[in-house]
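What follows is a single structure, written as structure tokens, with notes after it.
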Amino acid sequence: TTERQEHGFVFKNCQLTAAPGVDKVFLGRPWRKFAKTVFLSCDYGKHIHPEGWQIWSNETNPETTFYAEYTDSPTGSRAGWTVQLRKKQLKAYTPKNIFRGWLPQ
């Protein structure tokens, strides 16, 4: 995402799966500034690392990124620079808002 984009990748009501033997997967890594990724009401599976998110090559990128989750049962051990959304914040994540007015047919 660019600095001006309100939404980046949004995953809603999805199920994250992994091949057998894969047991340490992160939800994302801020590999560039202004990245935005949100997971809403997703089933993560046991392969997702408890920290959820990982700093990659640039230690300052988390200062400008927005990595967030909404779940009915927060893990409590996610990376400190990520956001746990509250239910009232979900109103911003409608298809109309995410796609900036364009709605898929």
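Both backbone and side-chain heavy atoms feed into the values below; hydrogens, waters and symmetry mates do not. Nothing here was measured: the structure is a model prediction, and the numbers come from that model.
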Item to check | Whether Y67 and W81 hold their rings parallel, tilted or perpendicular, with breakpoints at 30° and 60° | outcome: tilted
Item to check | Derivation of the side chain to side chain contact (heavy atoms under 4.5 Å, CB included) call for W53 and T37 | outcome: CA-CA 11 Å; W53 310 84; T37 302; 4.0 Å; yes
side-chain contact (heavy atoms from CB on, under 4.5 Å) against [X], all qualifying residues, sequence neighbours excluded:
| X | value |
| --- | --- |
| D43 | Q15 |
| Q5 | T1, T2, R100 |
| K91 | none |

If we only count heavy atoms from C-beta on, is the [X] to [Y] side-chain gap below 4.5 Å?
| X | Y | answer |
| --- | --- | --- |
| V38 | Y70 | no |
| E6 | N97 | no |
| K12 | I98 | no |
| N61 | I55 | no |

Checklist entry - Linking I/L/V/M/F/W/Y whenever any side-chain heavy atoms sit under 4.5 Å apart, do F11 and L16 land together? => result yes
Checklist entry - Applying the 4.5 Å side-chain criterion to the ILVMFWY set and letting contacts propagate, would W31 and F66 be lumped into a single cluster? => result no
Next on the checklist: Return the CG to CZ distance between N58 and R29, rounded to the nearest 0.5 Å.
Outcome noted: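 Output value for this atom pair is 13.5 Å.
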Item to check | With sequence neighbours excluded, residues passing ring pair (Phe, Tyr, Trp, His ring centres under 6.0 Å) with H47 | outcome: none
Checklist entry - Is atom CZ of F9 surrounded by more than 12 heavy atoms (other residues, nucleotides or ligands) closer than 6.0 Å? => result no
Checklist entry - Can you name the residues that form a side chain to side chain donor-acceptor pair (under 3.5 Å) with S57, not counting sequence neighbours? => result none
Checklist entry - Who are the side chain to side chain donor-acceptor pair (under 3.5 Å) partners of D23, not counting sequence neighbours? => result none
Heavy-atom closest contact ([X] atom, [Y] atom, distance):
| X | Y | result |
| --- | --- | --- |
| R86 | Q89 | N-OE1, 2.6 Å |
| T82 | A79 | OG1-O, 2.7 Å |
| L40 | Y93 | CD1-CB, 3.6 Å |
| T65 | F34 | CG2-N, 4.1 Å |

Checklist entry - Does the cation-pi check pass for R78 over F39, that is, NZ or CZ under 6.0 Å from the six-membered ring centre and within 45° of its axis? => result no
